[in-house]
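I have placed the structure first, in the form of structure tokens, so that the comments after it can refer back to it.
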2 protein chains.
Amino acid sequence: MTTKTDNWLGAMADHVLEHGLNTASLRPLAKAAGTSDRMLIYHFGNKDGVIAALLTHLAQRFTDALDANSTATVATHADLVADVIAFQRRPEMAGFLRVWFDIVAASAHGQSPHIRTGQQIIAGFVDWIAARLPKDDPTPHKTAKSLLTVIEGMAVMDALGQSDLADAALATLLLPGENHHSR
Amino acid sequence: MTTKTDNWLGAMADHVLEHGLNTASLRPLAKAAGTSDRMLIYHFGNKDGVIAALLTHLAQRFTDALDANSTATVATHADLVADVIAFQRRPEMAGFLRVWFDIVAASAHGQSPHIRTGQQIIAGFVDWIAARLPKDDPTPHKTAKSLLTVIEGMAVMDALGQSDLADAALATLLLPGENHHSR
DNA sequence: CCGCAAATGTAGCGACCGCTACAAGGAGAA
DNA sequence: TTCTCCTTGTAGCGGTCGCTACATTTGCGG
């Protein structure tokens with residue numbers, strides 16, 4: 001059964017996806033959940049408890065969104081990365097991207113719950129990518145990590161309104177033909 | 001000559017590099033600058049003016065830090081990226097990284113001054129990389145954009161405490177030998 | 001010196017923050 | 001019913017926020 005606090009978390013997550021995580025405060029969160037700040041403190045202990053619960057809920061939501069978009073395996077690394085980027089650029093994913101960079105920024109400031117959630121999301125993302133890699137990859141997990149790093153870099157460029165720069169990276173890095181210098 | 005507000009900006013930038021940009025408020029900023037919130041509002045109009053001035057100052061500082069670290073050209077893309085990452089991982093750059101992700105997060109939320117500053121920093125960074133590329137690169141600017149995208153992805157992984165993941169990406173993406181699937 | 005405008009200090013406003021004291025429901029056990 | 005404990009509403013505390021009204025000082029041109 002879904003508990004009352006679970007319902008709250010769903011509504012609060014919607015609010016956070018719309019308005020941001022790091023600027024969220026108790027009274028607006030409570031209003032979005034149809035309750036009061038008094039109750040949030042009562043059931044989660046303090047604001048940190050609310051944020052921690054929200055973070056795990058959001059991580060679960062992101063994993064679910066990935067699985068719901070579970071495409072078949074693709075032929076090339078470039079195709080896979082292009083698919084993921086196209087997925088991230090869908091309008092309904094904009095909220096996730098906003099919250100994602102809120103998490104990354106908080107992690108850069110050393111906030112432990114955010115770091116843990118970020119690692120959790122990364123781990124799920126790596127698995128999801130590895131499962132969709134061409135079957136002949138001898139080290140799919142390692143390949144997935146590399147591709148995800150590129151994807152994150154492209155997401156940064158997208159956030160800065162530099163999607164063209166992200167696309168250039170995709171073309172240069174992952175398409176055969178032009179290649180790298182040896183020593 | 002350096003104006004009074006310039007001195008303020010330097011001190012406020014120090015404060016922001018230490019304590020974060022998005023959580024900065026007027027009174028602590030003023031204290032760091034040796035003045036009062038009253039004066040910040042008087043000389044910059046409002047808080048947005050203070051932040052905007054701080055953003056351009058910080059962008060200039062980052063560019064200066066890059067130029068001060070102006071190494072010679074390197075032999076391979078992997079070497080160049082590895083150098084940049086080693087540079088970003090130096091302890092004295094930690095504040096910049098924190099502020100950088102504050103800027104990225106704010107950009108993801110659509111805050112125009114942050115987006116503009118982010119683009120400015122990216123542009124300077126691309127130029128800096130392009131100038132250090134092996135001389136035989138036919139399209140150094142384009143190559144620099146791709147490498148910077150990887151660097152940003154690695155920086156995200158670093159912020160999340162996943163430096164090993166970043167290193168794996170560097171090894172797989174930019175080292176010759178193992179390579180990519182064709183269609 | 002005077003006059004005046006720029007610069008600065010002091011004090012505080014109204015709003016929001018996280019959180020808490022206190023009392024009142026509300027449901028189940030005796 | 002009555003007792004008890006979990007839950008909830010009301011009200012407000014002390015603090016910080018961005019910002020402003022008002023008075024005072026400072027420095028410069030005449």
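Chain A is the first sequence line, chain B the second, and so forth, proteins listed ahead of strands; every chain is numbered from 1. Because the structure is predicted, anything quoted here is derived from the model rather than measured.
- Closest of all the heavy-atom pairs between Trp128(B) and Asn69(B) is CZ2-O, 3.6 Å.
- Asp137(A) and Arg132(A) are not joined by a salt bridge, as no carboxylate oxygen comes within less than 4.0 angstrom of a charged side-chain nitrogen.
- A straight line from CG of Asp48(A) to P of dC19(C) spans 7 Å, rounded to a whole angstrom.
- The residue Ser36(B) sits close only to the backbone: its heavy atoms come under 4.0 Å of sugar-phosphate atoms, none of a base.
- The distance from atom CZ of Phe44(B) to atom P of dC19(D) is 14 Å, rounded to the nearest whole Å.
- In this structure, CG of Leu40(A) is placed 15 Å from C1' of dT20(C), rounded to the nearest angstrom.
- To the nearest 0.5 angstrom, Leu97(A) atom CG is 12.5 Å from Arg90(A) atom CZ.
- Listed pair His43(B) / dT8(C) meets the phosphate criterion, a side-chain N or O lying under 4.0 Å from OP1 or OP2.
- His19(B) places a side-chain N or O within 3.5 Å of a backbone atom of His15(B) that can act as its donor or acceptor partner.
- Ile51(A) has its CD1 atom 13 Å from the C1' atom of dC17(C), to the nearest Å.
- At least one side-chain heavy atom of Val81(A) sits under 4.5 Å from a side-chain heavy atom of Met154(A).
- Rounded to an integer number of Å, the gap from Lys47(B) NZ to dT16(D) P is 15 Å.
- For Arg38(A), counting side-chain heavy atoms from C-beta on, the closest listed nucleotide (dC19(C), dT20(C), dG18(D)) is dT20(C).
- Within residues 19-33 of chain B, the residues approached by DNA chain C to less than 4.0 Å at the level of any non-hydrogen atom are Arg27(B), in residue-number order.
- Whole-Å rounding puts the Ile41(A) CD1 to dC13(D) P distance at 18 Å.
- Counting non-hydrogen atoms under 4.0 angstrom, Asp37(A) reaches a base of the nucleic acid.
- Listed nucleotides: dT20(C), dC19(D), dC6(D). Nearest to the side chain of Tyr42(A): dC6(D).
- A donor-acceptor pair under 3.5 Å links the side-chain atoms of Arg98(A) to the main chain of Leu17(A), judged by distance alone.
- Note: CE (Met39(B)) to C1' (dC19(D)) measures 14 Å, nearest angstrom.
- Counting heavy atoms from C-beta outward, Thr3(B) and Trp8(B) have side chains that stay 4.5 Å or more apart.
- OP1 or OP2 of dT8(D) lies within a sub-4.0 Å distance of a side-chain N or O belonging to Lys4(A).
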